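Comments concern the structure below.
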2 protein chains.
Amino acid sequence: MTRDASVTRAEREARERVEALGIDVGAYAAVSNIFRVANAVRNHTERTLLSEFNLSFSGFTVLWVLWVWGPKESHALARESGISKSTLTGVVKTLERLGFAARKPHAMDGRRVFVQATRKGISAMRNIFPRFNDVEAMVTRDLSIGEKENLARALRIMLHSMES
Amino acid sequence: MTRDASVTRAEREARERVEALGIDVGAYAAVSNIFRVANAVRNHTERTLLSEFNLSFSGFTVLWVLWVWGPKESHALARESGISKSTLTGVVKTLERLGFAARKPHAMDGRRVFVQATRKGISAMRNIFPRFNDVEAMVTRDLSIGEKENLARALRIMLHSMES
DNA sequence: ATCATATCGTTCGGAACCTAACGATTTCAA
DNA sequence: TTGAAATCGTTAGGTTCCGAACGATATGAT
């Protein structure tokens, strides 16, 4: 089966312009396409899946972290979800209103709060996550297994480069 | 020079959990790492570069589109920037307040508005973009030229898969 | 000329997003 | 025991983000 690896029109036009500026075009191509894919997946998922459950992408992310790891304290939950503590406060408020999550005070430390998924939240996640994984599978369907592994590997290398 | 392609701790823990759910782990690894890299680059860039100019990431993106292609109508500018028309209205308002962009009415059609970068905006972009490209280069520094090309290629294939 | 339909950009309303600062609480050195 | 410093989660204030709806304008059929 043939598949399309051609440069998208948006990338081609931008590339022509930025090439004239004497920049690292390989780096530009890699990073700009990461943003394009991330935006496309996020927008697609919000529109076709998450809106059914009144969830934002970050709401979904937070609920997913709770579903995978169980109850977490606010600061850790914010870090694992990639959002700030103040944003987490607002997102958890929304999840509480939807009945998907609940706060629980820490037994020993009055400053801390646990957040946990409710049964309703876990039930919603059992519905949502396989469908989200279908999106992940659809998005990568034209890549071979080796290509998927190489892609994930290159991204991990980039993450480690940012950590040093 | 050795380099680190190991699975990050965040990915490893998540992977163990989601493997138990019988999902497409290759797709999960690829897509979840795309989000991790996109988030890391965006946060890093906002903190270390864009805050100097009071720019959000989307403000930067919109200004970049104007810088590369010249004045654009609002609806096209929104589409090229990956945001909605209503968001663009707000972001352009902020760019106007910063003196980086200006609106101009369409000569023939009272409904339409052109947006253009100002001299101040262009000057700021000449400062910002090379430094943003340094971030792009830093993030990809541990990838070979072949690996960068394979990464960009795999991402393009994914973009095309989403378009069909 | 008129009217229905479509398009444009803005406004509305509400959620997400951030940093800085705050009050409450904990920790630890003296 | 006391008080300084640190940590936690929330609040404040402002921007970004969206879809729906609106007023203004353009288009095209009649």
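Just so it is clear, the values below take in all heavy atoms, side chains as well, and ignore hydrogens, waters and symmetry mates. We name chains A, B, ... by the order of the sequence lines, and we start the count at 1 in each one. Given the structure is predicted, the values throughout are model-derived calculations rather than measurements.
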[X] side chain N/O closer than 4.0 Å to the phosphate oxygens (OP1, OP2) of [N]?
X	N	result
S56(B)	dT16(D)	yes
H75(B)	dT7(C)	no
S74(B)	dC8(C)	no
T89(B)	dG9(C)	no
R97(B)	dT15(D)	yes
T87(B)	dC17(D)	no

Please evaluate the base of dT15(D) for a donor-acceptor partner in the side chain of S58(B) within a cut-off of under 3.5 Å?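 No, the side chain and the base share no sub-3.5 Å donor-acceptor pair.
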When we call it a touch if two heavy atoms are under 4.0 Å apart, what does [X] touch: a base, just sugar-phosphate, or nothing?
X	answer
T94(A)	sugar-phosphate
R47(A)	nothing
L88(A)	nothing

Go through [options] for me and flag the one nearest to the [X] side chain.
X	options	result
R103(B)	dC18(C), dC17(D), dT10(C)	dT10(C)
R111(A)	dT11(C), dG9(D), dT25(C)	dT25(C)
S86(B)	dT19(C), dA16(C), dC12(C)	dC12(C)
K85(B)	dA20(D), dG9(C), dT15(D)	dG9(C)
E73(A)	dG9(C), dC17(C), dG9(D)	dG9(D)

Which whole-number value in Å describes the distance from [X] [atom1] to [N] [atom2]?
X	N	atom1	atom2	value
N54(A)	dG14(C)	CG	C1'	12 Å
D109(B)	dA26(D)	CG	P	5 Å
K72(A)	dG9(D)	NZ	P	12 Å
H44(B)	dC18(C)	NE2	C1'	17 Å
L50(A)	dC18(D)	CG	P	14 Å
E96(A)	dG9(D)	CD	P	13 Å
R112(A)	dT10(D)	CZ	C1'	17 Å
N39(A)	dT16(D)	CG	C1'	13 Å

Go through the steps for V41(B) and F35(A) under the test side chain to side chain contact (heavy atoms under 4.5 Å, CB included), then give the verdict. CA-CA 9 Å; V41(B) 172; F35(A) 281 114; 3.7 Å; yes
For DNA chain C, whose closest nucleotide is more 5', that of F114(B) or that of R42(A)? F114(B)
Parallel, tilted or perpendicular: ring planes of Y28(B) versus F129(A), cut at 30 and 60 degrees: perpendicular
For residues 66-87 of chain B, dump all side-chain donor-acceptor pairs below 3.5 Å to protein atoms at least two apart in sequence or in another chain.
residue: E73(B); atom: OE1; partner: R112(B); partner atom: NE; Å: 3.4
residue: S81(B); atom: OG; partner: L77(B); partner atom: O; Å: 2.7
residue: S84(B); atom: OG; partner: S86(B); partner atom: OG; Å: 3.2
residue: S84(B); atom: OG; partner: T87(B); partner atom: N; Å: 3.2
residue: S84(B); atom: OG; partner: T87(B); partner atom: OG1; Å: 3.1

Check whether any side-chain heavy atom of T94(A) lies under 4.5 Å from a side-chain heavy atom of L55(A), and answer yes or no. no
Can R153(A) and N150(A) be counted as having a side-chain donor-acceptor contact under 3.5 angstrom? no
Does CZ in R131(B) sit with more than 12 non-hydrogen atoms of other residues, nucleotides or ligands closer than 6.0 Å? yes
